[in-house]
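For ligands, and for the atoms within them, numbers begin at 1 and follow the listed sequence. Just so you know, these numbers come straight off a predicted model, no measurement behind them.
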Amino acid sequence: MVAKNLDEIIKEQLNYTLKETEFSNLGEFYQGKVRDNYTKKDKRIIIATDRLSAFDRVITTIPFKGQLLNQVSSFWFEKTKEIVKNHIIDIPDPNVSVVHQCKTVPVEVVIRGYLTGSMWRDYDKGKPTSGIMPPNGMKKNQKFDEIIVTPSTKAESGHDIYLPREEILKRGLVDKDVYEQIEEAAFKLFKFGQEFCEKNGLILVDTKYEFGVKEGELMVIDEIHTQDSSRFCIIDT
Ligand SMILES: Nc1ncnc2c1ncn2[C@@H]1O[C@H](COP(=O)(O)OP(=O)(O)O)[C@@H](O)[C@H]1O
Ligand SMILES: [Mg+2]
């Protein structure tokens, strides 16, 4: 048998990507941009499809993207479960996670080690992000002296909006003590992620965490340190 290279394997699968699912008996359906969600009682089944979304639009599907997403996320949830509790109950399939259905905290904790992405674009226009304006004269992709958090609202639909911490508290989106807990959790997870990546030749540039509450217990939900929620760079290049 002739060994196939990765490009060939991916090309062969271009017509067999998982675009969407339709299960009538799995629970209440919510189609996210990337994942199909089925909720029944206190459990949620999250099926990672091969959909690719960028700037809030689904653009295409890519072979194996869904399983990569779910398995990368599962990897990090397993590695960090002693640091912060998370929503995972079971991973019954490469594309599927069964999780605790939570009441979502309506704030996304975006955490950054470098000036890039939308924060760079805002900075370039002289605009702060979440009320934070980096010092004058910084270059694109430059490392911050200290890791920063730029929280955003978790919009029901459409674009999330960056808000200063004070504004999030003033609007009562979360209680102060919950906000402090999720920020602290984000710092711990991000530091762990950055150190783990560095040992493996990667930079974890920035990422986004979501949190939820079940029976009074706070946990990380959604996905962590995936290609969809994070930027990674290869240190050598
Ligand atoms: N444990 C959980 N409890 C409740 N909601 C969750 C949980 N984990 C993830 N979610 C939500 O499920 C959805 C996952 O699908 P996704 O494709 O990311 O959707 P979206 O387009 O809304 O980001 C997200 O809206 C996320 O907030
Ligand atoms: Mg999402």
- [ ] Measure the distance from atom 4 (C) of ligand 1 to every protein heavy atom, then report the residue, atom name and distance (to 0.1 Å) of the closest one.
- [x] C102 O, 3.5 Å

Task: Part of H87 with heavy atoms under 4.0 Å of ligand 1, whether side chain, backbone, both or neither - done: side chain

Open item on the list: Please determine whether any non-hydrogen atom of K154 lies less than 4.0 Å from an atom of ligand 1.
Closed with: yes

Open item on the list: Need the ligand 1 atom indices (1-based, order shown) with element for anything under 4.0 Å from a heavy-atom of T104.
Closed with: 4 (C), 5 (N)

Task: ligand 1 to E223 polar contact by distance, N or O atoms, under 3.5 Å - done: no

Task: Salt-bridge contact K188-E184 (side-chain N to carboxylate O under 4.0 Å) - done: yes

Task: Identity and separation of the nearest protein heavy atom to atom 18 (O) of ligand 1 - done: R35 NH2, 2.7 Å

- [ ] Would you check, one step at a time, whether the test side-chain contact (heavy atoms from CB on, under 4.5 Å) holds for I88 with E78?
- [x] CA-CA 9 Å; I88 296 292; E78 179 61 31; over 6 Å; no

- [ ] Kindly determine whether F232 and H225 satisfy ring-ring contact (aromatic ring centres under 6.0 Å, His included), including the steps that lead there.
- [x] CA-CA 9 Å; F232 295 93; H225 302 170; 7.5 Å; no

TODO: Considering heavy atoms of the protein only, find what lies nearest to atom 23 (O) of ligand 1 and give residue, atom and distance to 0.1 Å.
DONE: K33 NZ, 3.6 Å

Task: Numbered atoms and elements of ligand 1 in range of I46, under 4.0 angstrom, heavy atoms - done: 8 (N), 9 (C)

TODO: Just let me know how V34 lines up against ligand 1, side chain, backbone, both or neither, with a heavy-atom cut-off below 4.0 Å.
DONE: both

Task: Check ion pair D36-R51 (N to O, under 4.0 angstrom) - done: yes

- [ ] Distance to 0.1 Å, residue and atom name: give those for the protein heavy atom nearest to atom 19 (O) of ligand 1.
- [x] G32 CA, 3.3 Å

Task: atom 10 (N) of ligand 1: nearest protein contact (heavy atom, Å) - done: R44 NE, 3.7 Å

TODO: Could you tell me how the ring of F192 sits relative to the ring of W76: parallel (under 30°), tilted (30 to 60°) or perpendicular (over 60°)?
DONE: perpendicular

Open item on the list: A quick test of your reading: do over 12 heavy atoms of other residues, nucleotides or ligands sit less than 6.0 Å from NZ of K214?
Closed with: yes

TODO: Verify, without hydrogens or angle tests, whether N5 (side chain) and D7 (backbone) share a donor-acceptor contact under 3.5 angstrom.
DONE: yes

Task: Y209 with V174, same ILVMFWY side-chain cluster at under 4.5 Å - done: yes

Task: Enumerated ligand 1 atoms positioned under 4.0 Å from heavy atoms of V99 - done: 1 (N)

Task: Residue and atom name of the nearest protein heavy atom (relative to atom 27 (O) of ligand 1), distance in Å to one decimal - done: E210 OE1, 2.7 Å

TODO: Answer yes or no: is there a donor N or O on one side and an acceptor on the other, between the side chain of Y38 and the main chain of F23, under 3.5 Å?
DONE: yes

Task: atom 24 (C) of ligand 1 - nearest protein heavy atom and its distance - done: D222 OD1, 3.7 Å

Task: Minimum-distance protein heavy atom relative to atom 22 (O) of ligand 1 - done: Y30 OH, 2.5 Å

Task: N37 and ligand 1 - part of the residue with a heavy-atom distance under 4.0 Å - done: side chain

Task: SB check K208 D222 (cutoff 4.0 Å) - done: yes

